[in-house]
Amino acid sequence: MTVAHKPRTGGPAAGRRSPLPPESAHGRPRAGRRRTITALTPWLFLAAPLALLLMFTFLPVADMIGYSFTDWDGISPSRSFVGGENYTDLVTRPARFEVFLVSGFYLVASFLQIALALYFATVLSFNTRFRNLFKGLLFFPYLINGVAVGFVFLYFFQPDGTLDTLLRLIGAEGKHLWLGDPDLANPSLAGVSVWRFMGLNMVLFLGAIQSIPPHLYEAAELDGANRWQQFRHIIAPSIKPIISLSFILAVSGSLAVFEIPYIMTGGANGTETFVIQTVKLAFQFDKVGLASASAVVLLLLILLVTWVQRRLFPEERVELS
C-alpha cells in the first residue's frame, strides 16, 4: 500500500523566500559596468587617432587663423595684431587670384583622368587577359613618392630628351621646351598629374563596380545588351556616388595643386599655383601673416566649392537588386 505524502504547508520557514544567488544580487551593478565598458570601448580605440588629428590638424588650423590677423614674419618672437588687413590686401590685389587660372589646366586634366580611370576600371572588371597585371601597372604610379615622380619627369621633358626621342620615332622632329615654354609647361605638368593619380580613381571605380550583383549582367546579356549598354544602364547608375565623389576631389585637388609644379618648375614660366604663391609669401618674403590669410581663403574656397557641388549633385542612395 502506497502512502502519499503531502508537502508541508506550515512551519516557520514556509513564508520565507530563498535568498538570491550572489550573481543575481549583484547583477545590476555588473550590468551597469558592462554597459559603461561597452560604451567606452569605441572611444578608447579612437583616442589615439583623435589625439593625432587634434594635434596635427585642428590646432595648426587654429594657429593659422590666428596668424592671419597678425603681421608675423615667422622669425621674430613678437607679432602685432593687424585685424583684417591681410585679407584686405588679398582682395584688393587681383593678381593674387590670377594664379587660379593655372588650376584650370589641372581641372581639365582631372576630368580626363576620371574618364580614363572609368574606362580602364570598366574594361578590367570583365574577363580580360592579364587583368591583374594591368591593374598593378596602372595603380603603381600612385604608390611612387611625388618628389621621385617630379625628378623622373624632369628628365623625361628635357629638350632632346626621352619625350623628344619618342616623338622623333613617329616623325615629329625638333626640340621642344616642354617646361620652358609657357604654352607647353602647364599642359605638360597636368599630364604628369593624370599619369600619377589615375590609378587611385581606377581602384575606387573597380571597388564600386565589383559590388554590383552578377545576376544583373547575366540578365542584360540574356536581353542582348552589349558592353556599352551594360555600362550605360548598369555600371554608371550603380557607381554614381563614387563618380560624384571623384569630381569633388578633382575640383578641390585642382585648386590646391602644389607638389608636381613646385618640384619641376618652382612656379616659373607661368606655372605658379595658389599654394606655391602662398609658400613663397611665407618662406621667401617672410610674410607668414599674409600667407596664413591666403591659406584660410583657399580653405574657404574649397569648402564653398564642395558645398555647391553637394547641393547641385546631392548624394543618392543606389538600390542594387
The side chain to side chain donor-acceptor pair (under 3.5 Å) partners of Ser292 (sequence neighbours excluded) come to none

- Item | Under 3.5 Å: donor-acceptor pair, side chain of Asn269, backbone of Leu179 | yes

I'd like to know whether OH of Tyr119 has more than 12 heavy-atom contacts from other residues, nucleotides or ligands below 6.0 angstrom. no

Value for CD1 (Ile242) from CG (Leu249), rounded to nearest 0.5 Å, stands at 10.0 Å

Taken in chain and number order and not counting sequence neighbours, the residues that satisfy salt bridge (Lys or Arg N to Asp or Glu O under 4.0 Å) with Glu221 are Arg227

Sequence neighbours excluded, the answer for side chain to side chain donor-acceptor pair (under 3.5 Å) partners of Ser103 is none

query = Transitively linked via ILVMFWY side-chain contacts under 4.5 Å: Tyr106 with Ile276?
reply = no

**Flag if over 12 foreign heavy atoms under 6.0 Å of OH, Tyr262** = no

N/O donor-acceptor pair under 3.5 Å between Gln229 side chain and Asn226 backbone = yes

Taken to the nearest 0.5 Å, the spacing of Arg196 CZ from Asn145 CG works out to 7.0 Å

**Message:** I want to check something: taking the side chain as every heavy atom from C-beta on, are Leu177 and Leu184 in contact at a cut-off of under 4.5 Å?
**Reply:** no

Are the side chain of Gln230 and the backbone of Tyr217 linked by a donor-acceptor contact shorter than 3.5 Å? no

Let me check something: do Phe156 and Leu169 share a hydrophobic cluster, defined by ILVMFWY side-chain heavy atoms less than 4.5 Å apart, either directly or through other members?
yes

query: Should we count CD of Glu85 as having more than 12 external heavy atoms under 6.0 Å?
result: no

Apply side-chain contact (heavy atoms from CB on, under 4.5 Å) to residues Leu124 and Leu138 and explain how you reach the verdict. CA-CA 11 Å; Leu124 296 177; Leu138 292 172; 4.1 Å; yes

Hydrophobic cluster identity match, Phe111 and Val108, side-chain contacts under 4.5 Å
no

- Task: For Asp223 and Ala225, indicate whether the former's side chain and the latter's backbone hold a donor-acceptor pair under 3.5 Å.
- Result: no

Please check if Val296 and Val279 belong to a single hydrophobic cluster, counting links between Ile, Leu, Val, Met, Phe, Trp and Tyr side chain heavy atoms closer than 4.5 Å. yes

Donor-acceptor contact present, side-chain Asn201 to main-chain Ile114, <3.5 Å = no

Should the ring pair Phe274 and Phe100 be called parallel, tilted or perpendicular, given that the plane angle runs from 0 to 90° and is split at 30 and 60? parallel

> Relative to the ring of Tyr87, is the ring of Phe69 parallel (under 30°), tilted (30 to 60°) or perpendicular (over 60°)?
Replying inline: tilted

Is Ser244 reaching over with its side chain to a backbone N or O of Pro241, donor-acceptor style, under 3.5 angstrom? no

Whether over 12 other heavy atoms sit under 6.0 Å from Arg168 CZ: yes

inquiry  = I'd like to know whether CZ of Phe283 has more than 12 heavy-atom contacts from other residues, nucleotides or ligands below 6.0 angstrom.
reply    = no

| query | Is it true that a side-chain atom of Thr273 and a backbone atom of Val257 form a donor plus acceptor pair closer than 3.5 Å? | reply | yes

task = Consider only side-chain N and O atoms of Thr265 and Thr271, and report whether a donor and an acceptor are under 3.5 Å apart.
result = yes

Shared ILVMFWY cluster between Met202 and Leu133, side chains joined below 4.5 angstrom?
yes

Check the orientation of Tyr142 and Phe139. Use parallel for under 30°, tilted for 30 to 60°, and perpendicular for over 60°. tilted

